[in-house]
Amino acid sequence: MKIETAEHKGHKLVSVSGDIDMYSAHELREELMRLTSRKPQIVLVNLIEVPYMDSSGIATFVEILKVMKRYGGRLKLVHMNEGIMEIFRFSKLDSIFEIVGEMDDALKS
Amino acid sequence: MKIETAEHKGHKLVSVSGDIDMYSAHELREELMRLTSRKPQIVLVNLIEVPYMDSSGIATFVEILKVMKRYGGRLKLVHMNEGIMEIFRFSKLDSIFEIVGEMDDALKS
Amino acid sequence: MKDSTIITIPSHPKYLSVVRAVSVKMTELHGLSAAEAEDIKLAVDEACSNVIKHAYEGDTGKRIVVRFRFTKSKLEVVIEDSGKMHPEYIAGRNLDDVRPGGLGVHLIRRAFDVVAFDEKKKKGNRLILTRYTKNREKHED
Amino acid sequence: MKDSTIITIPSHPKYLSVVRAVSVKMTELHGLSAAEAEDIKLAVDEACSNVIKHAYEGDTGKRIVVRFRFTKSKLEVVIEDSGKMHPEYIAGRNLDDVRPGGLGVHLIRRAFDVVAFDEKKKKGNRLILTRYTKNREKHED
Ligand SMILES: Nc1ncnc2c1ncn2[C@@H]1O[C@H](COP(=O)(O)OP(=O)(O)O)[C@@H](O)[C@H]1O
Ligand SMILES: Nc1ncnc2c1ncn2[C@@H]1O[C@H](COP(=O)(O)OP(=O)(O)O)[C@@H](O)[C@H]1O
C-alpha cells in the first residue's frame with residue numbers, strides 16, 4: 001500500500017493505493033491521525049486504487065471519523081469500489097460515512 | 001487458460017488467454033495437434049493475453065513447430081510479451097520460431 | 001488430507017496478503033464466482049487477523065497454518081495457531097453500535113455456514129470454517 | 001524456521017498456479033523487482049513441475065512442500081517431495097539442440113545461484129535453491 005497526501009482545492013486529499021489490511025491499516029492510521037491532529041475541516045480520501053479493504057481498514061476509518069466529528073470536521077471517502085461498498089453496507093456503516101462517487105462531487109455539499 | 005480458434009484472413013488463428021504452464025499446456029497441445037493434423041499452411045497463435053509461459057508451454061510450441069515443418073507449414077507466434085520473449089531468447093529459440101509483433105504483420109512474409 | 005492445500009505463515013500481518021493470494025487461487029481453481037471468492041478471501045483474512053490479535057496478542061514470531069480443502073459438497077478452511085486458547089468465538093459487536101472493531105466475526109460468518117473451534121485440539125486453536133457448495137440458501141439463516 | 005512461509009500442494013499441475021501466486025507475493029513483500037520476481041516464479045514453477053514429472057512420475061496424489069525463506073543475504077527456496085530419489089540433477093539439454101523438454105533445469109539455474117539436493121534427506125528429495133541478495137554478479141558465472 002502507498003499513501004500520498006496532497007492539496008485538492010484547498011483541502012487535504014489522501015490517495016491510497018493497494019490493499020488496506022491489518023498490515024497497511026496501521027500506516028494509514030498514522031498518516032490520518034497526523035493529518036487530523038491539525039483539525040482540517042475536510043479530508044478527502046481517494047480509494048480509486050484500493051481493490052480490497054478488511055475490517056482493520058474499516059476500523060481505521062471509523063476511528064478517524066470519530067476524531068473528526070469531535071471537532072466538527074468532515075471525512076469523505078471517494079471512489080470506493082463496489083465490493084468494499086458492500087462490506088460497508090453489510091456493516092451498517094454506509095450511512096455513517098460520507099461516501100462520494102466522483103472527485104468532482106466530493107466538495108459539492 | 002482459455003483457447004479460442006477462429007479464421008483470420010483464411011488462416012487458422014488460435015487465441016490463448018491465461019498462463020501457459022504444465023497444467024494448461026496439455027490442453028493447448030491437444031488443440032494444436034488436432035488443428036495441425038489437417039496440415040494447414042499457416043497457423044497463427046495470438047499470445048496477447050498470455051502473461052506467463054513455462055517450459056511446458058515452450059515444449060508444446062517446439063513440438064508443434066516440428067510437426068508443421070515436416071509438411072512445410074508455418075507456425076507464427078504473435079504478440080508475445082517481453083518477459084516470455086526473453087525466455088525464448090535465453091533458450092535460443094527466438095531464431096527458430098517466427099515471432100511477430102503485430103497481427104497485421106503476421107501475414108506479410 | 002492429500003487433496004488439501006496448506007499455507008503456513010509467520011504470525012505477522014504482512015503475510016496476510018500471501019494467505020489472500022492463496023485463497024483467491026484456490027477458489028478460482030474450484031470454479032467459484034469472483035464475488036464468492038472475495039467473500040471467502042475476506043473471511044479467511046479476518047480469521048487470521050484475529051489469530052494475530054487475540055490468540056497471539058500481537059506476537060509476530062509465531063505461526064499460522066491455513067488449510068484449504070474442497071470436496072463436492074463443501075469448502076473447508078482450517079486455521080491453526082499455537083496461541084492462547086479461548087473457549088468460544090465471541091459474537092462480534094452489535095452492528096448498530098458504531099465503533100472500531102468487532103466486525104471480523106460477522107464477516108467470517110457471512111462467508112461460511114459453520115464456524116467452529118475443534119474441541120479436541122490440545123495446545124492453541126483450530127478454527128474450522130465450512131461453506132456448503134450446493135443449496136447454500138438452505139444452510140443460511 | 002519461524003520466519004519462513006510454506007506452501008504445501010497436491011502433486012497436481014493445477015496447483016502450480018498457487019505456488020506461483022505465493023512466490024510472487026513473497027518476492028513482492030521482500031522488495032524484489034518485478035523482473036527478479038518473474039525469474040524466481042518461473043524457476044520455482046519449473047522445479048515443482050519436475051517433481052511431478054520425474055520424482056512422482058505423473059502421480060497427482062502426492063504432496064509437494066515449498067518453503068520460502070528470506071534472510072538479509074539470501075532467498076532460499078526448498079522444495080520437498082516423497083517421490084523417487086535420484087542422485088543428481090541432470091544438466092538439462094544443450095540449448096543448441098532444439099527439441100521439446102530439457103529447459104527447466106536451465107531456467108532454475110538462471111534464477112538461483114546454488115541448486116543442490118540435500119543429501120541427508122532419507123525418503124524423497126529436498127531441493128535447495130539459493131539466491132544471494134547482494135553482489136549477485138559475483139555469484140553468477
Ligand atoms: N482467534 C481468536 N482467539 C481469541 N479470541 C478471539 C479470536 N477471534 C475473535 N476473538 C474474540 O472475538 C471478538 C470479536 O472479534 P472480531 O469480530 O474479529 O472483532 P475485533 O477483532 O475487531 O475485536 C474479539 O474482540 C475477541 O475477543
Ligand atoms: N525432481 C527431479 N527428480 C528426478 N529427476 C529430475 C528432476 N528434475 C529434473 N530431473 C532430470 O533432469 C532432466 C532435465 O530436467 P529439465 O531441464 O527440467 O527438462 P525436462 O523435465 O523437460 O526433461 C530431466 O529430464 C530429468 O531426467
>> Report, in residue-number order, which members of residues 3-19 of chain A are under 4.5 Å from chain C by heavy-atom distance.
In response: A:D19

> Would you say A:E86 and C:E38 make side-chain contact, with heavy atoms under 4.5 Å?
Replying inline: no

> At a heavy-atom separation under 4.5 Å, does A:L93 approach chain C through its side chain, its backbone, both, or neither?
Replying inline: side chain

> Is the number of heavy atoms from other residues, nucleotides or ligands under 6.0 Å of A:H26 NE2 greater than 12?
Replying inline: no

> Taking only residues two or more places apart in sequence, or in another chain, which ones meet C:D81 in a side chain to side chain donor-acceptor pair (under 3.5 Å)?
Replying inline: C:N125

Inter-residue atom distance [X].[atom1] - [Y].[atom2], 0.5 Å rounding:
X	Y	atom1	atom2	result
A:F88	C:L103	CZ	CG	9.0 Å
C:H106	A:K92	NE2	NZ	9.5 Å
C:H12	A:M22	NE2	CE	9.0 Å
C:N50	A:S55	CG	OG	7.0 Å
C:L42	A:I84	CG	CD1	10.0 Å

> Would C:D45 and A:Y52 satisfy side-chain contact (heavy atoms from CB on, under 4.5 Å), going step by step from the backbone distance to the final call?
Replying inline: CA-CA 11 Å; C:D45 173 310; A:Y52 174 84; 3.1 Å; yes

> Which residue pairs satisfy the salt bridge (charged side-chain N to carboxylate O under 4.0 Å, His left out) criterion with at least one member in residues 44-57 of chain A, sequence neighbours excluded?
Replying inline: none

> Knowing that exactly one of C:S17, C:S49, C:P13 qualifies, which makes a side chain to side chain contact (heavy atoms under 4.5 Å, CB included) with A:Y23?
Replying inline: C:P13

>> I'd like to check the side chain to side chain contact (heavy atoms under 4.5 Å, CB included) partners of A:S24; sequence neighbours left out, ordered by chain and number.
In response: A:M1, A:I20, A:D21

